[in-house]
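So the structure is just underneath, and the comments pick up after that.
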Amino acid sequence: MKTPELFDEKNRDLTKEEILEKVKSLVGKQMIDIYETNDFNKKASFGYAIEEGAFNYQRNSKSEADFRNENIELKVTPYKRNKNGSFSSKERLVLNIINYMEEYKKTFEESSLWAKNQTLLILFYEHVQNISRENFMINYAILHQFTENDLRIIKNDWKTIIDKIKAGKAHEISEGDTFYLGACTKGANSDTLRQQPFSPILAKQRAFSLKTTYMTQIVKELTSRTKKTDSLFDYIDLIDDSIEESIIKKISFYYGYSVKALMELFDVNSNAKNKLEMIVNRILGIKRNLSDTPEFTKANIKVKTIRVNSNNRIKESMSFPAFKYEEIVKETWEESKTRALFESTKFLFIVFREKNGEFYLDDVMFWNMPVNLIDNNVKKVWDRTVEIVKNGNIVAGYKDNGDRKTNFPSTKFDSVCHVRPHGQNAKDVYSLPTIDKVTGSNVYTKHCFWLNNSFILKVINKHHENIS
DNA sequence: GCATGATCATGC
DNA sequence: GCATGATCATGC
């Protein structure tokens, strides 16, 4: 095991060529190789082993980049293979901790973020289930510099975060606020709190980070040598450096057009089921789906088309991927998939309103769920759901037609969300951690969290009032 | 008429 | 075959 006096800080002054030379020798190496050839503690993280072992400088939390002469910051991060064979990033990439008391005084160019993270040397290793971490292998290394378009979006994201600090709302920062650059919680636990300059309320300690979805896009580019996906920027110009403004401006030009007129105008096949989304794609001039553009993938934006009936109601609530019963009972709320889903997703709502029997394009808005709703309403529903599953208490009884009635929290339980089936049919099931008391079965129909239609209506009506 | 259980349809 | 966005169907 290395002791500090053996480190040589001069290694932080290596030239770019020397750094890349060394990195080349690391690609294809397993953790165990790096531990052994560098006499390094096997319990250490891959990142530490590379910094202290392979590069022989002491790990630090300095505000300058690791390789200070070249201004290159070293990162080691995992990716994984999905069930369908594709690859995605396992985690967000954490950059530097945000000092709420200082960061707001700076311009982006002077920011701690930019000072340290202009150029990232990212080493990717594959995280594989059921193999010992010592055998994880570095498979890719890239010197990442932000493209001009990425940078414009990241600057805008940085400003969004800073604006929240300036408004005395550092405690309300959420990853869903921004597109590529997030502010994720970072500390010994989620209770690590810090002062903020414009409010007495202590805020969770957070770090700038590149969202998991942003990292996934990089992983996809590395792992697939084939097609490049449509870039949104091949079709639209960024206005005021913001995805948000650009898309709203382009779509809002067609406010008041009927679905029928838009379908004729953009030559959309009338039989298509997802015709509303197709219309939006055509308005933006995108060949495939808006949600498949790298920008929307990187920013984790879900596109949802919403129809408001003439009686000012939305017929359907909004569904999400089904949760796994066995998983959800093992999670804590803070670490749960459900919390992550609502915190990190940004929505693009495209609203069509019915008038005289026909739907008209009416509004476009980006939205993400405020943190207080996530940690109060959604948590309440989640807690109740977990309790029911844990106790084998899902089924409450049967209706006359044989349909089962459940104890899952309904729309009456909470104003924001509820739990309902979401599968191919009642036989589409996931296994239960506890046998259900009524059915005696160890499986149950897949369910998911749904946003209440009444809640969605409130969100879009409020937006409608604010702009008109 | 709505809430809730169930299911469809598409794409990978 | 399954995940996911979207919608149907009917008992209360």
Side-chain angles (χ1 to χ4, degrees), chain A residues 81-88 213 216 220 223-224 226-227 229 259 268-281 287-292 296-297 300-325 327 337-338 341-342 345 347-352 354 359 381 384-385 388 394-431 436 438-439 441 443-457:
Chain A
R81 184 190 292 265
N82 302 318
K83 272 191 201 143
N84 65 9
S86 67
F87 293 93
S88 56
T213 42
T216 289
K220 285 201 190 309
T223 51
S224 78
T226 49
K227 53 161 192 192
T229 35
V259 170
V268 172
N269 172 3
S270 62
N271 293 324
K273 277 230 90 175
N274 58 339
K275 60 183 178 190
L276 297 187
E277 192 183 0
M278 285 178 65
I279 290 172
V280 174
N281 292 334
K287 288 182 206 117
R288 300 197 197 94
N289 276 330
L290 181 56
S291 22
D292 294 336
F296 270 50
T297 314
N300 196 19
I301 301 171
K302 276 191 201 288
V303 181
K304 298 276 190 181
T305 53
I306 297 167
R307 293 187 301 179
V308 183
N309 295 338
S310 48
N311 62 359
N312 196 26
R313 281 187 47 87
I314 299 174
K315 188 147 172 271
E316 305 294 346
S317 295
M318 194 176 279
S319 65
F320 292 90
F323 56 80
K324 293 201 171 77
Y325 301 111
E327 252 176 32
K337 273 196 177 170
T338 306
L341 170 75
F342 287 111
T345 306
F347 294 89
L348 173 60
F349 291 152
I350 297 159
V351 183
F352 293 83
E354 189 183 23
F359 284 94
V381 174
R384 176 88 182 116
T385 303
I388 286 165
I394 295 177
V395 177
Y398 296 89
K399 293 201 259 183
D400 291 348
N401 65 355
D403 281 359
R404 298 160 299 184
K405 286 191 281 190
T406 77
N407 290 311
F408 282 128
S410 70
T411 47
K412 288 192 209 73
F413 183 82
D414 183 74
S415 60
V416 172
C417 62
H418 64 278
V419 171
R420 252 181 44 230
H422 188 200
Q424 303 190 49
N425 53 46
K427 292 194 186 73
D428 191 11
V429 296
Y430 278 135
S431 26
D436 190 81
V438 171
T439 65
S441 172
V443 297
Y444 202 73
T445 308
K446 291 176 185 173
H447 275 56
C448 77
F449 291 85
W450 296 69
L451 289 187
N452 297 353
N453 49 1
S454 54
F455 173 71
I456 300 165
L457 187 69

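Stacking of A:R81 on the aromatic ring of A:F87 is not recorded, the 6.0 Å distance cut-off and the 45° axial limit not both being met. In this structure, A:K324 fails the cation-pi test against A:Y444, since its NZ or CZ atom is not both closer than 6.0 Å to the six-membered ring centre and inside 45 degrees of the ring normal. A cation-pi geometry, defined here as NZ or CZ lying under 6.0 Å from the six-membered ring centre and within 45° of its normal, holds between A:K446 and A:Y430.
In this model, the phosphate group of B:dG5 is not approached by any side-chain N or O of A:K399 to a distance below 4.0 Å at OP1 or OP2. The phosphate of B:dT4 (OP1 or OP2) has no side-chain N or O of A:R404 nearer than 4.0 angstrom.
The base of C:dC8 sits within donor-acceptor range of the side chain of A:E316, with an N or O pair under 3.5 Å. For A:T411 and B:dA3, a side-chain-to-base donor-acceptor distance below 3.5 Å is absent, hydrogens and geometry of angles not being considered.
Rounded to whole Å, the distance from NZ on A:K405 to P on C:dG11 is 12 Å. Atom NZ in A:K315 sits roughly 14 Å away from atom C1' in B:dG5 (whole-Å rounding). Rounded to whole Å, atom C1' of B:dT4 lies 13 Å from atom CZ of A:F408. Rounded to whole Å, atom P of B:dT7 lies 14 Å from atom NZ of A:K446. Taking atom OH on A:Y398 and atom P on B:dA6, their separation rounds to 10 Å, with Å as the unit. One interatomic measurement links the two molecules: CD1 of A:I314 to C1' of C:dC8, which rounds to 18 Å at whole-angstrom precision. Between the CG atom of A:D428 and the C1' atom of C:dA6 there is a distance of 15 Å, rounded to whole Å. C:dT4 atom C1' lies 15 Å from atom CZ of A:F323, rounded to whole Å.
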**Asked** Under the side-chain contact (heavy atoms from CB on, under 4.5 Å) criterion, do A:Y398 and A:T439 qualify, and how do the steps go?
**Response** CA-CA 10 Å; A:Y398 296 89; A:T439 65; 3.8 Å; yes
**Message:** Let's go through A:Y325 and A:H447 carefully: what are the C-alpha distance in whole Å and the side-chain angles of both, what is the deciding distance for side-chain contact (heavy atoms from CB on, under 4.5 Å) to 0.1 Å, and is it a yes or a no?
**Reply:** CA-CA 9 Å; A:Y325 301 111; A:H447 275 56; 3.3 Å; yes
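Nucleotides of DNA chain B nearest to A:N453 and A:Q424 differ in position, and the one nearer the 5' end is that of A:N453. Nearest-nucleotide positions on DNA chain C place A:T305 closer to the 5' end than the other of A:T305 and A:D400. Each of A:N401 and A:M318 was assigned the nucleotide of DNA chain C with the nearest heavy atom; the assignment lying further toward the 5' end belongs to A:M318.
Inter-residue side-chain proximity for A:D414 and A:H418 is flagged as unmet; no heavy-atom pair is nearer than 4.5 Å.
Looking at the side chain of A:W450, the nearest of the listed nucleotides C:dT7, C:dC12, C:dT4 is C:dT7. In the set C:dA3, C:dG5, B:dA3, the nucleotide with an atom closest to the side chain of A:K412 is B:dA3. Considering only side-chain atoms of A:R420, the nucleotide from B:dT4, C:dA6, B:dT7 that sits closest is B:dT4. Side-chain atoms of A:N425 lie closest to B:dT7 of the nucleotides C:dA6, B:dT7, C:dT4. Nearest to the side chain of A:R313, among B:dA3, B:dA6, C:dG5, sits B:dA3.
At a threshold of 4.0 angstrom between heavy atoms, the contacts of A:H418 with the nucleic acid are absent. Residue contacts for A:P421: at a heavy-atom cut-off of 4.0 Å it reaches a base atom on one of the strands shown. Within the nucleic acid shown, A:S410 comes within 4.0 Å of sugar-phosphate atoms alone, with no base atom in reach, counting heavy atoms only. Using a 4.0 Å heavy-atom criterion, one finds that A:T406 contacts the sugar-phosphate atoms exclusively.
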